[in-house]
Amino acid sequence: MRPIMARSIPSPVLAMVGPLFRRGMRNHLFHRGIARHTDEEIAAFGIADLDALAGALDGKPWLLGARPSKADA
C-alpha cells in the first residue's frame with residue numbers, strides 16, 4: 001500500500017500517518033478474525049473451503065447449471 005499512497009501523500013505526512021494506518025489495519029484484521037489464527041490454521045481453512053466447493057461441483061463443470069454464472073466467478 002505504501003507505494004500507492006506515496007503517489008498522493010507527501011512523504012512527511014506519510015511518515016506520520018503510516019504507523020496509524022498499519023495499526024488500524026492490524027486491529028481491523030484482528031476484529032474480523034483473520035489475525036487471530038496461525039498461518040497453518042488459515043491454510044487449513046482455505047483447503048476446507050476448496051474441498052467444500054469441489055464437493056458442491058461433484059464433477060459438474062459449473063456450479064449452478066450448464067452455463068457459468070456469477071457464483072462460478
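Along the sequence shown, residues carry numbers from 1.
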Quiz item: Can Ile42 be reached from Met25 by stepping across I, L, V, M, F, W or Y side chains whose heavy atoms are under 4.5 Å apart?
Solution: no
Quiz item: Which heavy-atom pair separates Ala15 from Pro19 by the least distance, and what is that distance?
Solution: O-CD, 3.2 Å
Quiz item: Which residues satisfy the side chain to side chain donor-acceptor pair (under 3.5 Å) test with Asp72, sequence neighbours excluded?
Solution: Ser69
Exercise. Please list, chain by chain and in numerical order, all residues satisfying side chain to side chain contact (heavy atoms under 4.5 Å, CB included) with Arg23, sequence neighbours excluded.
Key: Leu20, Arg26, Asn27
Quiz item: What side chain to side chain donor-acceptor pair (under 3.5 Å) pairs are there with at least one residue in residues 44-60, not counting sequence neighbours?
Solution: none
Self-check item: Residue pairs involving residues 48-73 (criterion ring pair (Phe, Tyr, Trp, His ring centres under 6.0 Å); sequence neighbours excluded)
Solution: none
Quiz prompt | ring pair (Phe, Tyr, Trp, His ring centres under 6.0 Å) contacts in which one or both residues fall within residues 4-43, not counting sequence neighbours | solution = His37-Phe45
Self-check item: Leu64: hydrophobic cluster co-members (side-chain, 4.5 Å)
Solution: Leu53, Leu57, Leu63
Self-check item: Contacts of type side chain to side chain donor-acceptor pair (under 3.5 Å), residue Ser8, not counting sequence neighbours
Solution: none
